[in-house]
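Here is the structure we will look at, set down as structure tokens.
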Amino acid sequence: MSWFKRIKEGITTSTNEKKETPEGLWYKCPSCKHISTTQDHAANLFVCTSCGYHEKIASLDYFEIIFDNNEYTEINENITSGDPLVFVDTKKYSDRLVDTQKKSGLKDAIRTAHGTIDGQKLMIACMDFGFIGGSMGSVVGEKISRAIDYSIETRTPLLIISKSGGARMMEASYSLMQMAKTSVKLALLSKAKIPYISLLTDPTTGGVTASFAMLGDFNISEPESLIAFAGPRVVKETIGKDLPKGFQTAEFVLEHGFLDFIVARTELKSKLSSLLKMLAN
Amino acid sequence: MTFLDFEKPISEILDQIEKVKQVAEKGKVDVSKTIIDLENKLKEKRTEIYENLTAWQRVQLSRHPERPYTLDYIKAITNNNFIELHGDRSVKDDKAMVGGFGEIDDQTVMFIGQQKGNNTKMRQFRNFGMPNPEGYRKALRLMRLAEKFNKPIVTFIDTPGAYPGLEAEERGQGEAIARNLLEMSQLTVPVICIIIGEGASGGALGIGVGDKVLMLENTWYSVISPESCSSILWRSWDFKEKAAEALKLTANDMLKNSLIDGIIKEPLGGAHTFPDEMYKTVKEEVLKNIKSLSKQSAEKRIENRIEKFCAMGVIVES
């Protein structure tokens with residue numbers, strides 16, 4: 001015998017009377033499961049307040065974090081891929097491009113913009129992982145190349161923020177040659193003695209690691225980012241053994257001498273700004 | 001001679017010729033006419049097969065176990081006038097990347113290239129032609145040496161990729177390749193790069209930024225091997241032929257897309273069928289290109305080299 005008796009069966013609240021909790025009000029950290037409001041999470045630059053896990057963010061987020069008052073000028077924003085090989089795998093590459101553009105609101109896997117950081121000029125080329133895994137095809141190569149041109153012409157320091165699975169297979173050899181193109185261009189920037197800071201974020205792998213991302217005057221990274229030439233799965237298959245703990249993390253790469261320092265996103269702007277100031281003075 | 005699957009009709013005719021010859025020897029029968037017929041048939045079959053090779057068949061030819069490798073080319077075209085140099089001066093000597101000064105006629109050249117082995121033991125010794133970071137750093141050291149003594153550089157590219165191992169990652173495989181791409185663009189001496197077998201991805205490009213990039217007729221050059229491409233994009237290993245077509249990785253396609261500067265013709269049947277003929281052609285090409293590149297100033301060569309690579313890519317601007 002229960003204490004209460006249900007008189008009316010079923011749910012009687014009408015749809016328009018229902019009170020919905022707005023979506024995305026809470027953020028649950030995938031690493032430590034800590035729950036915070038999305039507002040607090042955003043205020044902490046998408047870094048978990050409990051364990052310091054850095055959520056992957058988009059180019060526009062980085063621009064907002066780094067540029068003064070979120071003011072900047074985007075350049076070459078209307079460049080898209082030409083599908084030079086008319087590539088078809090399980091799907092046409094041209095369709096894949098259009099679908100991804102619609103879904104992500106991006107034109108390709110990189111944005112380039114110039115503005116100021118604590119009053120100092122800065123050019124940023126920032127990759128977007130949300131566009132075919134941040135893969136590098138002709139557009140990424142061309143936009144980096146033009147960003148370098150801008151840096152040389154206006155003597156503006158360059159920051160490239162990498163976040164990429166590597167070369168874009170659907171542009172095959174054209175993608176491969178973007179490695180050469182970007183590296184060759186960086187030689188010109190270096191000759192002009194204009195600072196180039198490479199920020200490698202989670203993940204930076206393949207052809208991006210083997211070209212511009214590793215060529216900074218300063219190579220820096222966010223904590224725990226995956227940084228690799230061959231990805232962990234491929235290395236594991238090659239050596240037929242389990243990989244050591246922490247293999248190919250930013251901390252591992254720092255320890256082996258390929259990074260200058262690791263910086264938390266919350267400290268990123270101030271550290272970049274001090275570095276640029278030291279170079280200018 | 002090892003025959004690939006599509007070369008079976010050729011091996012059958014060769015077998016027939018062999019048999020007829022044996023019969024003739026035993027029975028003292030005149031078979032000259034039969035042999036001439038068979039040889040004509042062989043010629044026709046060869047032409048038919050090799051003039052209609054698919055992309056995948058060329059990939060197979062590029063990996064033919066009897067194909068000449070880097071040191072074979074170097075020794076043949078220098079007439080053994082070659083001094084191999086070892087080590088990156090930092091970690092060790094990478095056996096998958098070889099190099100040194102050699103003489104072609106009276107011209108001293110710095111030769112560099114990935115090296116594969118021709119039997120199981122040597123294949124392991126050469127790590128299947130997959131260099132570690134120290135291989136790329138050795139290559140760069142030798143290029144600087146060539147620059148210092150004002151000698152042209154010839155690289156032979158033949159690799160299934162840079163080695164994806166644990167130590168390779170620890171020692172900065174990505175950085176090593178990236179550094180070479182940047183530094184090669186600034187070399188003051190002529191740089192000629194020749195793909196003699198497999199040109200797989202960054203591992204190939206790591207010694208591939210040159211004034212002239214040439215491919216032998218039956219080689220491939222792309223961002224990924226057809227097998228790996230198939231496994232990633234089709235999620236199965238069974239689409240390698242399709243992937244080979246889609247990647248446009250043959251010498252003809254690469255030239256059509258202006259991603260290389262020229263094609264070096266191979267003897268009918270591939271480089272391994274008549275290696276001496278192949279060495280002769282490569283030697284002529286090397287000399288010809290050194291001669292024409294030497295006419296330009298170092299500044300002009302560097303400018304052209306940079307412009308060439310910067311022009312690569314197809315975009316739409318709206």
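Excluded from the calculations below are hydrogen atoms, water molecules and symmetry mates; all remaining heavy atoms, backbone and side chain alike, are included. Chain letters run A, B, ... following the sequence lines, proteins first, then strands; residues in each count from 1.
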By side chain to side chain donor-acceptor pair (under 3.5 Å) - contacts of B:Ser185 (at least two apart): none

Under a 4.5 Å cut-off applied to non-hydrogen side-chain atoms, are [X] and [Y] in contact?
X        : Y        : value
A:Val184 : B:Arg305 : no
A:Thr238 : B:Tyr163 : yes
B:Leu233 : A:Phe87  : yes

Those residues of residues 198-215 of chain A, ordered by number, that approach chain B below 4.5 Å (heavy atom to heavy atom): A:Thr209, A:Ala210, A:Ser211, A:Met214, A:Leu215

Residues in residues 241-260 of chain A that sit under 4.5 Å from chain B, counting heavy atoms only: A:Leu243, A:Pro244, A:Phe247, A:Gln248, A:Phe252, A:His256, A:Phe258

Of all the heavy-atom pairs spanning [X] and [Y], show the shortest one and how long it is.
X        : Y        : value
A:Ala187 : B:Gln186 : CB-NE2, 3.5 Å
B:Cys310 : A:Lys185 : SG-CG, 3.9 Å
B:Ile177 : A:Phe229 : CD1-CZ, 3.9 Å
B:Leu181 : A:Met179 : CD1-O, 3.6 Å
B:Val316 : A:Ser81  : CG2-O, 3.9 Å

What part of [X] gets within 4.5 angstrom of chain A, counting heavy atoms only: side chain, backbone, both, or neither?
X        : result
B:Asn257 : both
B:Ile224 : side chain
B:Met254 : side chain

For chain A, which residues of residues 200-210 of chain B have heavy atoms nearer than 4.5 angstrom: B:Ser201, B:Gly202, B:Leu205, B:Val209

Spatial distance of atom CD1 (B:Ile302) from atom CG (A:Leu188) [nearest 0.5 Å]: 10.0 Å

Atom NZ of A:Lys236: over 12 foreign heavy atoms under 6.0 Å: no

